[in-house]
Amino acid sequence: MSSESSPRSGPPDFVRDQVRRDVDAGSHGGRVQLRFPPEPNGYLHIGHAKSICLNFGVADEFGGSCTLRMDDTNPETERADFVAGIEEDVRWLGFRWDGPTRYASDYFPQLYAWAELLVERGLAYVDDQDAETISAQRGGFTEPGVDSPYRDRPVEENLDLLRRMRAGEFPDGARVLRARIDMAHPNPQLRDPVLYRIRHAAHHRTGTQWCIYPTYDWAHGQSDALEGTTHSVCTLEFDAHRPLYEWFLDHLPIPADRPHQYEFARLNVTHTVLSKRRLSALVEGGHVDGWDDPRMPTLRGMRRLGYPPEALRAFCNHIGVAKVNGTNEVELLESFVRDELNRTSTRRMAVLRPLRLVVENYPEGQVEQVEVVNNPEDPSAGTRLVPFSRELWIDRDDFLEDPPAKFYRLAPGREVRLRAAYFVRCTDVVRDTSGEVVEVRCTYDPATTGGQAPDGRKVKATIHWVSVPHAVPIEARLYDRLFTEPHPDAHEGRDPFDFLNPNSVEVVGGAWAEPSLAELAPADRVQFERVGYFCVDTNVPGVFHRTVGLRDDWAKIRGRTA
RNA sequence: UGGCGGGUAGUUCAAUUGGCAGAACGCCUGACUUUGGUUCAGGAAGUUGCAGGUUCGAUUCCUGCCCCGCCAGCCA
């Protein structure tokens with residue numbers, strides 16, 4: 001039944017319109033079933049997330065179901081560890097598929113039986129020619145193809161050859177099974193497409209049981225039909241395959257209540273690449289540290305970077321589903337990440353580039369526990385105690401000896417608030433032999449406990465700090481765009497990897513954080529106040545990945561006047 | 001070159017049967033603020049690819065043109 005009331009933040013789209021029409025018309029007995037069919041030859045990326053959210057989202061909104069099917073028809077590129085990784089990623093994104101994980105390879109026996117059926121009906125034949133010859137005979141966009149000399153082979157001979165192909169009598173590439181459709185068809189996809197090719201390769205699930213493997217076209221629609229899919233949603237480039245998808249279903253003993261294919265535009269995101277080929281090349285070329293490198297647009301990369309799955313889902317639902325290929329700006333993705341993290345992250349103080357601040361009139365050896373709010377957006381997050389003492393670390397960015405206009409942090413003679421602690425006024429600086437400021441001296445106003453002045457006087461800035469004797473060392477990894485160009489793929493004649501950002505990661509060692517950071521567990525997410533959102537690395541303790549920075553108006557002002 | 005799918009703010013998408021072109025992100029102002037964050041208020045931003053036609057009225061219907069994407073793997 002249609003779910004007018006189901007909550008959705010995204011715009012309407014043609015896929016949902018179609019499903020609603022079908023449901024209203026009582027097609028498929030009112031049943032709605034979709035599927036997410038990745039090929040296990042790599043890990044999932046943000047583009048897949050769009051597809052996952054669409055398929056599972058539609059199923060959910062219409063009270064239907066969604067299966068997860070590994071499209072594993074090409075043993076040479078597929079691996080079991082990719083299967084496990086994909087399952088893990090889909091679950092992490094927050095979706096549960098209907099029943100067990102399905103595999104196109106589950107259907108190999110049925111597919112083969114149907115192939116024999118097609119042969120018996122004179123609708124498929126074994127071609128002895130090599131790939132090059134077949135390709136040359138396919139014709140062009142304006143030229144029809146020419147018939148293979150094997151096209152009119154007797155049924156018995158075809159059947160015999162097909163069985164011997166399956167039995168392993170022929171080497172790779174020696175023969176193929178082709179559908180017998182129309183070599184002059186205006187759509188080249190219908191010019192006797194290949195159904196089976198010979199590959200003496202071990203398959204990650206069926207081992208060496210088979211040495212002939214179905215092509216995508218021969219497997220996909222039938223797999224949909226076998227699973228009871230009602231709406232088979234795929235990307236735009238399969239548009240030309242739809243007539244073939246239907247031709248197979250038309251010529252096989254498949255119930256009238258069969259799946260239909262719909263195509264939508266795949267997702268692209270600026271400053272990255274989103275094809276498995278390119279992502280594999282990034283990994284294999286050593287440009288990143290693996291599929292889960294925080295710079296990768298893979299789900300595992302984003303997970304490690306600290307992107308919450310909720311943010312990915314919100315993004316995917318927001319961008320809509322259309323038939324125009326385009327590119328979303330990363331900034332949009334990041335805004336969803338910030339939005340989620342702002343609401344949910346506990347705040348902590350950490351100083352990435354430390355500068356020593358000495359509070360001259362604060363008693364040596366004295367320590368106070370200052371109460372700090374954990375998350376101003378969420379009162380239930382409570383407060384914590386942070387130690388305050390005479391010597392503090394502050395960020396180098398928060399002090400300027402010769403401040404430009406509009407800079408209102410610490411500077412000689414200036415007063416600022418130390419977050420949740422006291423007002424301090426800069427009195428002096430200490431330099432090293434080269435003249436660089438290595439220490440800032442200040443005095444605090446004991447009346448401003450908690451950061452409030454009883455006389456009502458204001459300061460223009462509040463800065464974060466960490467007590468030197470209590471500080472815990474951390475390492476921060478600051479990430480920037482993987483590619484400097486917004487559209488690395490769109491420069492003709494240029495290798496997208498030419499635009500790899502040489503500074504996509506900056507490792508900041510020697511950073512200091514408040515003691516409570518030692519209590520965090522791997523993958524925990526926090527906001528470093530005034531700096532950004534960070535995520536604890538899952539492998540190395542004390543390493544924090546910057547998920548995304550805070551919006552920074554000061555950086556804009558500074559950039560404008562620079 | 002043939003076929004198919006598309007063209008609406010910078011970007012991604014909306015716009016009931018033809019009825020004042022909207023939103024989000026980004027950008028700019030201002031207010032608030034113990035994060036230069038968040039929040040709030042406001043603003044700039046469009047010849048709806050182009051040219052005709054039908055109509056009181058066209059993003060929407062018709063015709064022609066232009067531009068973009070996809071298709072000639074035994075990849076998916």
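Naming: A, B, ... by sequence-line order, numbering from 1 per chain.
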Trainee: Go ahead and name the base partner of B:rA41; Watson-Crick or wobble counts if both distances stay under 3.5 Å, otherwise write none.
Mentor: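 WC or wobble partner is B:rU29.
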Trainee: Can a donor-acceptor pair under 3.5 Å be found between the side-chain atoms of A:E329 and the base atoms of B:rG10?
Mentor: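 Flag set: donor-acceptor pair detected.
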Trainee: Looking for any heavy atom pair under 4.0 Å, which part of the strands does A:K406 touch: base, sugar-phosphate only, or nothing?
Mentor: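 Result for A:K406 = base.
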Trainee: Is it true that, when you exclude A:R457 itself, more than 12 heavy atoms of the residues, nucleotides or ligands shown sit nearer than 6.0 Å to its CZ?
Mentor: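 Count over threshold, so yes.
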Trainee: Counting any heavy atom closer than 4.0 Å, what does A:R178 reach on the DNA or RNA strands: base, sugar-phosphate only, or nothing?
Mentor: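 No contact.
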Trainee: When both hydrogen-bonding distances must be under 3.5 Å and the geometry is Watson-Crick or G-U wobble, what is B:rG69 paired with, if anything?
Mentor: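 Result: B:rC4.
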Trainee: Just N and O in the side chain of A:T327: are any of them under 4.0 Å from OP1 or OP2 of B:rU11?
Mentor: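 Checking A:T327 against B:rU11: no side-chain N or O falls below 4.0 Å of OP1 or OP2.
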Trainee: Is there side-chain contact between A:V351 and A:D398, with at least one heavy-atom pair below 4.5 Å?
Mentor: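 The answer is no, as the side chains (C-beta and beyond) never meet within the 4.5 Å cut-off.
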Trainee: Indicate whether OP1 or OP2 belonging to B:rG36 is found under 4.0 Å from a side-chain N or O atom of A:R530.
Mentor: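 For A:R530, the contact criterion (side-chain N or O under 4.0 Å from OP1 or OP2 of B:rG36) is met.
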Trainee: By a 5.5 angstrom centroid cut-off and a 30 degree plane limit, is there stacking between A:F141 and B:rG2?
Mentor: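 A stacking contact exists, since A:F141 sits close and nearly parallel to the base ring of B:rG2.
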Trainee: So what's B:rU54 paired with, Watson-Crick or G-U wobble, going by both distances under 3.5 Å?
Mentor: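 WC or wobble partner does not exist here.
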Trainee: Quick one: which of B:rC13, B:rA72, B:rG37 gets closest to the side chain of A:P188?
Mentor: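 So the side chain of A:P188 is nearest to B:rA72.
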Trainee: Using purine N1 to pyrimidine N3 plus N6-O4 or O6-N4 for Watson-Crick, or N1-O2 and O6-N3 for G-U wobble, each under 3.5 Å, what pairs with B:rU48?
Mentor: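 Here B:rU48 is not engaged in any pair, so there is no nucleotide opposite it.
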Trainee: Let me know which of A:T327, A:D480, A:V330, A:T484 forms a side-chain contact (heavy atoms from CB on, under 4.5 Å) with A:H271.
Mentor: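 It is A:V330, the one option of A:T327, A:D480, A:V330, A:T484 that forms the side-chain contact (heavy atoms from CB on, under 4.5 Å) with A:H271.
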Trainee: Of the nucleotides B:rG36, B:rC75, B:rC13, which one has an atom closest to the side chain of A:I557?
Mentor: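 Of B:rG36, B:rC75, B:rC13, B:rG36 is nearest to the side chain of A:I557.
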Trainee: Over how many whole Å does the gap from A:L267 atom CG to B:rU11 atom C1' extend?
Mentor: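 So the CG-C1' distance, A:L267 to B:rU11, works out to 13 Å.
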Trainee: Is there a side-chain polar atom (N or O) of A:R347 under 4.0 Å from OP1 or OP2 of B:rG37?
Mentor: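 The answer is no; no side-chain N or O of A:R347 sits under 4.0 Å from OP1 or OP2.
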Trainee: Counting the atoms with a prime plus P, OP1 and OP2 as sugar-phosphate, which does A:E529 contact under 4.0 Å by heavy atoms, base, sugar-phosphate, or nothing?
Mentor: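 Contact class for A:E529: base.
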Trainee: Considering only B:rC70, B:rU12, B:rC74, which nucleotide approaches the side chain of A:E237 most closely?
Mentor: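 That would be B:rC70.
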Trainee: Is A:T77 touching bases, backbone alone, or none of the nucleic acid, heavy atoms closer than 4.0 Å?
Mentor: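 Nothing, no heavy atom under 4.0 Å.
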Trainee: Test A:Y216 against every option in A:F238, A:Y245, A:F248 by the ring-ring contact (aromatic ring centres under 6.0 Å, His included) rule and name the one that passes.
Mentor: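 With A:Y216 as partner, A:F238, A:Y245, A:F248 yield a single ring-ring contact (aromatic ring centres under 6.0 Å, His included), made by A:F238.
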Trainee: Send over the distance from A:L332 CG to B:rA23 P, rounded to a whole Å.
Mentor: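 Rounding to the nearest Å, CG of A:L332 and P of B:rA23 are 16 Å apart.
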Trainee: Among A:Q527, A:R384, A:R347, find the residue that satisfies the side-chain contact (heavy atoms from CB on, under 4.5 Å) test when tested with A:N374.
Mentor: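 Running side-chain contact (heavy atoms from CB on, under 4.5 Å) over A:Q527, A:R384, A:R347 with A:N374 returns exactly one hit, A:R384.
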Trainee: With heavy atoms under 4.0 Å as the rule, sort A:F407 into base, sugar-phosphate or nothing.
Mentor: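 Base, at least one base atom sits under 4.0 Å.
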Trainee: Contact class for A:V321 (heavy atom, under 4.0 Å): base, sugar-phosphate, or nothing?
Mentor: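 The answer is sugar-phosphate, as A:V321 gets under 4.0 Å only of primed atoms, P, OP1 or OP2.
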Trainee: If you check every side-chain atom of A:V324, which of B:rC75, B:rG6, B:rC25 has the closest atom?
Mentor: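 Among B:rC75, B:rG6, B:rC25, the one nearest the side chain of A:V324 is B:rG6.
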Trainee: In whole angstroms, how far is the P atom of B:rC40 from the CG atom of A:N342?
Mentor: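 A:N342 atom CG is separated from B:rC40 atom P by 11 Å.
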Trainee: Let me know the distance between CD of A:E331 and P of B:rU11, rounded to the nearest Å.
Mentor: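 It is 13 Å, rounded to the nearest whole Å.
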Trainee: Using the side-chain hydrogen bond (donor to acceptor under 3.5 Å, both in side chains) rule, pick out the option among A:Q222, A:R69, A:R102, A:R35 that qualifies with A:E227.
Mentor: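 Result for side-chain hydrogen bond (donor to acceptor under 3.5 Å, both in side chains) with A:E227: A:R69.
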Trainee: For B:rA31 and B:rC68, measure between their C1' atoms and round to the nearest Å.
Mentor: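 Rounded to whole Å, the distance is 45 Å.
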Trainee: Do A:N55 and A:S51 meet the criterion of a side-chain donor-acceptor pair at a distance under 3.5 Å?
Mentor: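 A:N55 vs A:S51: donor-acceptor pair found between side chains.
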Trainee: Any base atoms under 4.0 Å from A:R199, or only sugar-phosphate, or nothing? Heavy atoms, all strands.
Mentor: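 Counting heavy atoms under 4.0 Å across all strands, the contact made by A:R199 includes a base.
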Trainee: Go through the N and O atoms of the side chain of A:Q527 and the base of B:rU35, and report whether any donor-acceptor pair is under 3.5 Å.
Mentor: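 Checked by distance alone, the answer is yes.
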Trainee: Tell me which of A:D239 and A:S135 sits closer to the 5' end of RNA chain B, going by the nucleotide each one is nearest to.
Mentor: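 Here A:D239 is the residue nearer the 5' end.
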Trainee: The side chain of A:R551 is closest to which nucleotide in this list: B:rU35, B:rA76, B:rG37?
Mentor: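 Between B:rU35, B:rA76, B:rG37, the one nearest the side chain of A:R551 would be B:rG37.
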Trainee: In whole Å, what is the span from the CD1 atom of A:I319 to the P atom of B:rC13?
Mentor: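 From A:I319 CD1 to B:rC13 P: 7 Å.
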Trainee: Select from A:Q129 and A:R338 the residue whose nearest nucleotide in RNA chain B is closer to the 5' end of that strand.
Mentor: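 Closer to the 5' end of RNA chain B: A:R338.
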Trainee: Give A:D217 one of three labels, base, sugar-phosphate or nothing, depending on what nucleic acid heavy atoms sit under 4.0 Å from its own.
Mentor: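 If one applies the 4.0 Å heavy-atom cut-off, A:D217 turns out to touch nothing in the nucleic acid.
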Trainee: Look at the side chain of A:T142 and decide which nucleotide, out of B:rC74, B:rU1, B:rU38, has an atom nearest to it.
Mentor: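 So the nucleotide nearest the side chain must be B:rU1.
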Trainee: Would you tell me if any nitrogen or oxygen in the side chain of A:T215 comes within less than 4.0 Å of OP1 or OP2 on B:rA76?
Mentor: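 For B:rA76, OP1/OP2 do not have a side-chain N/O of A:T215 under 4.0 Å.
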Trainee: Below 30° counts as parallel, above 60° as perpendicular, anything between as tilted: where do the rings of A:Y196 and A:Y112 land?
Mentor: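 Ring orientation, 0 to 90° scale: perpendicular.
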Trainee: If you compare every side-chain N and O of A:R419 against the phosphate oxygens of B:rG36 (OP1, OP2), does one of them come in below 4.0 Å?
Mentor: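 Checking A:R419 against B:rG36: no side-chain N or O falls below 4.0 Å of OP1 or OP2.
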Trainee: In the strands shown, is B:rA24 matched to any nucleotide by a Watson-Crick or G-U wobble pair with both distances under 3.5 Å, and which?
Mentor: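 The answer is B:rU11, by the H-bond criterion.
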Trainee: Out of B:rC28, B:rC75, B:rG73, which nucleotide sits closest to the side chain of A:R138?
Mentor: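 The nucleotide sitting nearest to the side chain is B:rG73.
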Trainee: If only side-chain N and O atoms of A:K460 are considered, is one of them under 4.0 Å from the OP1 or OP2 phosphate oxygen of B:rG36?
Mentor: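 No, A:K460 has no side-chain N/O under 4.0 Å of OP1/OP2 on B:rG36.
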Trainee: According to the interplanar angle, ranging from 0 to 90°, do the rings of A:F336 and A:H318 count as parallel (below 30°), tilted (30 to 60°) or perpendicular (above 60°)?
Mentor: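 Ring orientation, 0 to 90° scale: tilted.
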Trainee: Does A:L236 reach a base, just sugar-phosphate, or nothing at all? Heavy atoms under 4.0 Å.
Mentor: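 Result for A:L236 = nothing.
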Trainee: Quick check against the 3.5 Å criterion: does A:S345 have a side-chain atom that pairs as donor or acceptor with the backbone of A:L341?
Mentor: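 Indeed, once roles are kept as given, a pair shorter than 3.5 Å links the two residues.
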Trainee: For B:rG49, decide between syn and anti, treating a glycosidic angle within 90° of 0 as syn.
Mentor: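 This nucleotide is in anti.
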Trainee: Without decimals, in angstroms, what is the distance between A:H464 NE2 and B:rG37 C1'?
Mentor: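 Spelled out: NE2 on A:H464 to C1' on B:rG37 is 13 Å.
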Trainee: Check every atom of B:rU12, B:rC74, B:rG6 against the side chain of A:I134 and return the nucleotide holding the closest atom.
Mentor: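 Of B:rU12, B:rC74, B:rG6, B:rC74 is nearest to the side chain of A:I134.
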Trainee: The side chain of A:A322 lies closest to which of these nucleotides: B:rA15, B:rC13, B:rG36?
Mentor: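 Closest nucleotide among those given: B:rC13.
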Trainee: If you look at every strand shown and take non-hydrogen atoms under 4.0 Å, does A:Y196 touch a base, only sugar-phosphate, or nothing?
Mentor: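 The answer is nothing, as A:Y196 stays clear of every strand by at least 4.0 Å.
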Trainee: With a non-hydrogen cut-off below 4.0 angstrom, is A:G451 in contact with a base, only sugar-phosphate, or nothing?
Mentor: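 Counting heavy atoms under 4.0 Å across all strands, the contact made by A:G451 includes a base.
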Trainee: Which nucleotide wins on minimum distance to the side chain of A:E39, given the candidates B:rU35, B:rG36, B:rA76?
Mentor: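 For A:E39, the side-chain atoms sit closest to B:rA76.
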Trainee: Taking only N and O in the side chain of A:K323, is any of them less than 4.0 Å away from OP1 or OP2 of B:rG7?
Mentor: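 No, outside the criterion.
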Trainee: Rounded to whole Å, please give me the gap between NE2 in A:H220 and P in B:rA76.
Mentor: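 Going from A:H220 (NE2) to B:rA76 (P), I get 11 Å.
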Trainee: What's the CG-P distance between A:N325 and B:rC71, to the nearest Å?
Mentor: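 Going from A:N325 (CG) to B:rC71 (P), I get 11 Å.
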Trainee: So what does A:P37 hit on the nucleic acid, given a heavy-atom distance under 4.0 Å: a base, only sugar-phosphate, or nothing?
Mentor: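 The answer is nothing, as A:P37 stays clear of every strand by at least 4.0 Å.
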Trainee: Tell me whether the side-chain N or O atoms of A:H241 pair up with the base of B:rA76 as donor and acceptor below 3.5 Å, since no angle test is needed here.
Mentor: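 Flag set: donor-acceptor pair detected.
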